[in-house]
Amino acid sequence: MSEKGLNNFFEEYLKKEPLFINKSVLQSAYTPDEIPHRDDQIKQIANILAPALRVERPSNIFIYGKTGTGKTVCVRHTTKKLEQVAKQNNVNLKIVYLNCKLSKVADTEYRLIAQLAREFGKEIPSTGLPTSEVYSIFYKAIDTEKNVILIILDEIDQLVSRTSDEILYNLTRINSELKNSQIAIIGISNDLVFADNLDPRVKSSLSEEELVFPPYNALQIQDILKKRSSKAFKEGVLETGVIEKCAAYAAKDHGDARRALELLRVAGELAERSGETNIEVNYLDMAEEKIEKDRVIDTIKTQPHQFKATLYAALTLDKGKKSTLFTGDLYEVYKEICAKTGLRSLTQRRVSDIIAEFDMLGLINAKVISKGRYGRTREINMAIPQSIEPKIKEILVKDLGL
DNA sequence: GTCAATTCACATGAAAGAGACCACGGTCTAGTG
DNA sequence: CTAGACCGTGGTCTCTTTCATGTGAATTGACGA
């Protein structure tokens with residue numbers, strides 16, 4: 001684009017009518033003032049937590065529900081209100097929210113406790129200290145005066161799957177170590193059967209109260225979308241049927257409201273970019289494709305070299321012959337690739353794990369099958385959409401330096 | 001033909017090592033008064 | 001005398017390797033009809 005063309009482009013851009021009034025309303029970080037269809041759950045949470053206002057320890061709560069069913073939003077909403085009331089009445093109440101999955105801040109025992117201590121104004125190095133030391137710093141920090149502390153652990157299943165349930169055991173026992181303060185834990189999990197694999201002692205103390213968030217149905221999602229979109233978009237921008245279709249997409253996929261909102265936002269962005277004055281239904285399809293594509297490319301880009309090499313091996317092998325491929329074949333090709341790129345090749349044991357991880361990420365379908373006399377192995381198929389395969393290959397070739 | 005034993009090619013688990021990063025305390029060194 | 005440089009020790013954390021054990025059905029081979 002020439003200098004002049006670029007100028008024109010920006011001029012044109014400014015002249016265009018934006019479709020959004022406030023895009024952030026559709027972003028996942030946004031906490032709405034009212035949460036439709038979750039009155040019961042909010043009431044229950046409020047009931048359980050209310051004793052905190054009298055400086056009594058509330059019961060620990062365990063909250064289950066699939067992604068996008070409003071767990072986090074409800075908890076944050078309720079605790080925010082609780083905090084406000086506590087402040088007005090000079091009640092010592094501290095609420096700590098930690099996401100155990102996001103941003104590597106709290107995905108090990110050390111980091112979790114360190115992060116908690118940091119919330120109370122203590123400086124903790126990212127490494128170097130014994131974990132027990134961090135515990136005692138934390139104890140000292142919170143036990144200075146009488147107060148109630150609510151610890152919200154979001155995606156707690158991730159924490160446990162990466163480490164062990166010992167952390168939770170320690171956390172639930174903290175109270176017996178404290179003289180003044182009291183701690184209550186709110187655990188939030190996407191995994192519905194998560195607690196079944198927990199140590200029984202941990203389970204019973206952690207889930208003194210249990211709450212289940214059912215998925216939204218299509219009508220409820222429509223409701224949510226309507227409320228939010230009225231704040232996010234200009235009036236009349238959404239064509240009829242857009243919200244309905246968006247809700248239907250999400251309801252089909254276990255009622256994930258977060259997904260529905262993202263879909264709507266991306267559809268809006270796409271429409272805006274191509275200069276439309278309103279959002280048609282077909283932009284939803286485009287949005288879905290774009291979201292999926294971005295997700296795949298993003299996850300692949302952020303993988304370590306060894307993972308990329310493994311994926312590249314799977315990709316080339318998949319292209320080569322039509323029949324399904326097995327771990328052994330893939331490992332051979334992987335070794336060749338390592339030789340070519342000068343990468344140190346890993347053992348088959350490790351590559352096997354890497355394949356399993358790609359399966360978890362949804363980039364590969366790997367199913368363990370037994371071929372009888374001919375052994376047991378994984379049957380591997382690519383799960384990457386055909387349309388973006390060339391692009392993926394390009395990225396891998398570039399990153400691997402082939 | 002039937003049925004249990006065998007066998008393959010990995011899967012899956014557990015434990016431990018390597019190497020990066022870091023804190024802390026002790027010792028050494030050079031600069032200062 | 002003191003601040004800062006420089007170890008050595010001990011800690012966490014991630015990625016791997018090593019060693020050990022598990023696994024499910026095709027195949028095999030003995031057995032009886």
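Naming: A, B, ... by sequence-line order, numbering from 1 per chain.
Salt bridge A:Glu288/A:Arg259: present, at least one basic N to carboxylate O contact under 4.0 Å. In this structure, A:Lys391 does not pair ionically with A:Glu394, as no charged nitrogen and carboxylate oxygen lie closer than 4.0 Å. Using a cut-off of 4.0 Å between Lys/Arg side-chain N and Asp/Glu carboxylate O, A:Glu379 and A:Lys371 are scored as not salt-bridged. The existence of a salt bridge linking A:Glu389 and A:Lys393 is excluded, since no basic side-chain nitrogen approaches an acidic carboxylate oxygen closer than 4.0 Å.
The side chain of A:Arg350 lies closest to C:dT16, out of C:dT16, C:dT23, C:dT14. Among C:dT14, C:dT17, B:dT7, the nucleotide with an atom closest to any side-chain atom of A:Arg373 is B:dT7. Here the nucleotide nearest the side chain of A:Arg349, chosen from C:dC19, C:dG24, C:dT12, is C:dC19.
We find that CZ of A:Arg344 is positioned 11 Å from C1' of B:dG19, with the value rounded to whole Å. For A:Glu109 and C:dC13, the CD to P distance is 8 Å, given to the nearest whole Å. Rounded to a whole Å, the CG atom of A:Asp353 is 9 Å from the P atom of B:dA11. Rounded to a whole Å, the CG atom of A:Leu346 is 18 Å from the P atom of C:dT14. Between A:Arg376 atom CZ and C:dA25 atom C1' there is a gap of 10 Å when expressed in whole angstrom units. For A:Phe326 and B:dA11, the CZ to C1' distance is 15 Å, given to the nearest whole Å. Between A:Gln303 atom CD and C:dT14 atom P there is a gap of 15 Å when expressed in whole angstrom units. To the nearest angstrom, P of C:dT17 lies 9 Å from CD1 of A:Ile354.
Counting heavy atoms of neighbouring residues, nucleotides and ligands inside a 6.0 Å radius, atom CZ of A:Arg258 does not exceed 12 of them.
OP1 or OP2 of C:dT27 sits under 4.0 Å from a side-chain N or O of A:Tyr374. The shortest distance between the side-chain N/O atoms of A:Ser370 and the OP1/OP2 oxygens of C:dT23 is not below 4.0 Å. One finds no side-chain N or O of A:Thr327 lying less than 4.0 angstrom from the OP1 or OP2 phosphate oxygen of B:dC10. When the side-chain nitrogen and oxygen atoms of A:Thr377 are compared with OP1 and OP2 of B:dA9, none of them lie within a distance under 4.0 Å. Proximity of A:Arg378 to the phosphate of B:dT12: a side-chain N or O atom is located under 4.0 Å from OP1 or OP2.
Residue A:Glu133 is out of contact with every strand shown, counting any heavy-atom pair closer than 4.0 Å. Here A:Ser345 lies in heavy-atom contact (under 4.0 Å) with sugar-phosphate atoms only.
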